[in-house]
Amino acid sequence: MYTGKARAYTNIALIKYWGKKDEHLIIPMNSSLSLTLDAFYTETSVQFDENLTEDLFVLDGQKQDTKQTTKISKFLDLVRKEQNLALFAKVDSQNYVPTAAGLASSASGLAALAGACNEALDLQLTEIELSRLARRGSGSACRSIFGGFAEWQKGDSDQTSFAQGIPSDHWEDELAMLFVLVDDGVKDVSSRDGMKRTVESSSFYSGWLETVEADLATAKQAIAEKDFNKLGEVTEANGLRMHGTTLAAVPPFTYWSPESLKVMQLVRSARQQGLPCYFTMDAGPNVKILVEKKNLSTLKNHLATHFSKKQLIEAYAGPKIALIPL
Ligand SMILES: O=C(O)C[C@@](O)(CF)CCOP(=O)(O)OP(=O)(O)O
């Protein structure tokens, strides 16, 4: 029996990964950049056991159905093949996210699974090799191997597509992200399905590809210069461009709800009143607001009359993946 356990934190893209060049290997169309956060993480253990007759996936204490287990089994097959291992495994993932549903990202879960397998089978992977393995589980997971700012260089093959940490002189410790949970309960298109439909059918997608690499360069320059407004402006613009592509998909779709638009408006009004803050969104209606730590309470007050305390979750820069001794 081989066992391992790891904890990985979720990350929020400031420059988005949106579209795959290769679905099977999960090679992206463009490079991306994220901030790992401390508020949400997943602890995953894996147990390769000769007594098991099939893979078992337990998430937050619930045995998962075939669909979810198959996604995990596909990932385990990668590791089994590489190690010439014929054992089934039990994967046990626990998401540590605030009560609000829909915040647990697959990024932290799959990154933690990669780390747990690395430990269980003593693969002795480097961080880059671990990032490459996590990427095969879920693209954004490759960024959660690192703490703080991470850049996923798109590459053009399994070997060359991985993330690395961005030197930032710990500037990320001066930043914060305020999650506004506008759970409208509407079942969204998953990020995987959303980007597939967009790449295949959106006439706006070429515009995305024409601008995203320049956005990435601007974001990296902003980090080097510790220029908050420059980072915030490119984060907000890049997120809007990504979401813009979905409106021209066939059939068109959007992740934005009326509540999402309300938050965007409140962020703009806060800025007009001299409070630097910028929003970004992913595959759901919740809005994430990038703000300097020193301005976080002022921002929360600005939103307090519109949203309950439960809907406002603050997060700070988070650490890299950690092994958990069993
Ligand atoms: O995180 C970002 O860069 C932007 C997004 O969150 C925007 F929604 C996409 C994340 O996609 P993911 O869940 O990693 O897809 P997978 O590779 O199909 O598993």
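Computed from a prediction, not measured in an experiment: that's the story for all the values here. Atoms within a ligand are numbered from 1 in the order they appear, just like the ligands themselves. Residue numbers start at 1 and run along the sequence shown.
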(message) Would you say Trp152 ends up clustered with Leu25 if hydrophobic residues are merged whenever their side chains have heavy atoms under 4.5 Å apart, either directly or through other cluster members?
(response) no
(request) Indicate whether the side chain of Ser144 and that of Asn11 have a donor and an acceptor atom separated by less than 3.5 Å. (result) yes
(message) Ignoring hydrogens and geometry beyond distance, is a side-chain donor-acceptor pair present between Gln94 and Asp92 at under 3.5 Å?
(response) no
(message) I want to check a possible cation-pi pair here: Lys71 against Phe57, using under 6.0 Å from ring centre and within 45° of the ring axis as the test.
(response) no
(message) Checking a contact table here: which protein heavy atom is nearest atom 8 (F) of ligand 1, and how many Å away?
(response) Ala283 N, 3.2 Å
(request) Record the part of Arg143 in heavy-atom contact with ligand 1 below 4.0 Å; permitted values are side chain, backbone, both and neither. (result) side chain
(message) Under a 3.5 Å threshold, yes or no: a donor from one side chain and an acceptor from the other, between Asp193 and Ser190?
(response) yes
(message) Just to be sure I read this right, does ligand 1 sit under 4.0 Å from the backbone of Ile12, its side chain, both, or neither, counting only heavy atoms?
(response) neither
(request) Please report which non-hydrogen protein atom sits nearest to atom 11 (O) of ligand 1, along with the residue it belongs to and the distance in Å to one decimal place. (result) Met195 CE, 3.4 Å
(request) Considering only non-hydrogen protein atoms, determine which one is nearest to atom 14 (O) of ligand 1 and report residue, atom name and distance to 0.1 Å. (result) Ser140 OG, 2.7 Å
(request) Do me a favour and list the nearest non-hydrogen protein atom to atom 13 (O) of ligand 1 with residue, atom name and distance? (result) Ser191 OG, 2.9 Å
(request) Determine, stepwise, if the pair Tyr316 / Glu314 fulfils side-chain hydrogen bond (donor to acceptor under 3.5 Å, both in side chains). (result) CA-CA 7 Å; Tyr316 303 100; Glu314 53 198 65; 2.8 Å; yes
(request) May I ask you to check if ligand 1 and Lys20 share an N or O to N or O distance below 3.5 Å? (result) yes
(request) Just jot down the ligand 1 atoms closer than 4.0 angstrom to any heavy atom of Arg192, in number order. (result) 16 (P), 18 (O), 19 (O)
(message) I want to check something: taking the side chain as every heavy atom from C-beta on, are Phe307 and Val263 in contact at a cut-off of under 4.5 Å?
(response) yes
(message) Quick check: do Trp208 and Ser202 have side-chain heavy atoms less than 4.5 Å from each other?
(response) no
(request) Please work out whether the ring planes of Tyr9 and Tyr41 are parallel, tilted or perpendicular, with thresholds of 30° and 60°. (result) tilted
(request) Could you list which atoms of ligand 1 come closer than 4.0 Å to a heavy atom of Ile26? (result) 17 (O)
(message) Below 3.5 Å, N or O to N or O, backbone or side chain included: is there any such pair between Asn11 and ligand 1?
(response) no
(message) Checking a contact table here: which protein heavy atom is nearest atom 19 (O) of ligand 1, and how many Å away?
(response) Ser138 OG, 2.7 Å
(request) If you have a sec, work out which protein heavy atom is nearest atom 9 (C) of ligand 1 and how many Å separate them, to one decimal? (result) Tyr17 O, 3.6 Å
(request) Indicate yes or no: does an N/O atom of Ala13 lie under 3.5 Å from an N/O atom of ligand 1? (result) no
(request) For atom 6 (O) of ligand 1, grab the closest protein heavy atom and report residue, atom and distance to one decimal in Å. (result) Asp282 OD1, 3.3 Å
(request) Could you list the atoms of ligand 1 found under 4.0 angstrom from a heavy atom of Gly139? (result) 14 (O), 16 (P), 17 (O), 19 (O)
(request) Give the cluster check for Leu209 versus Leu216: same hydrophobic cluster or not, with ILVMFWY residues linked at side-chain heavy-atom distances below 4.5 Å. (result) yes
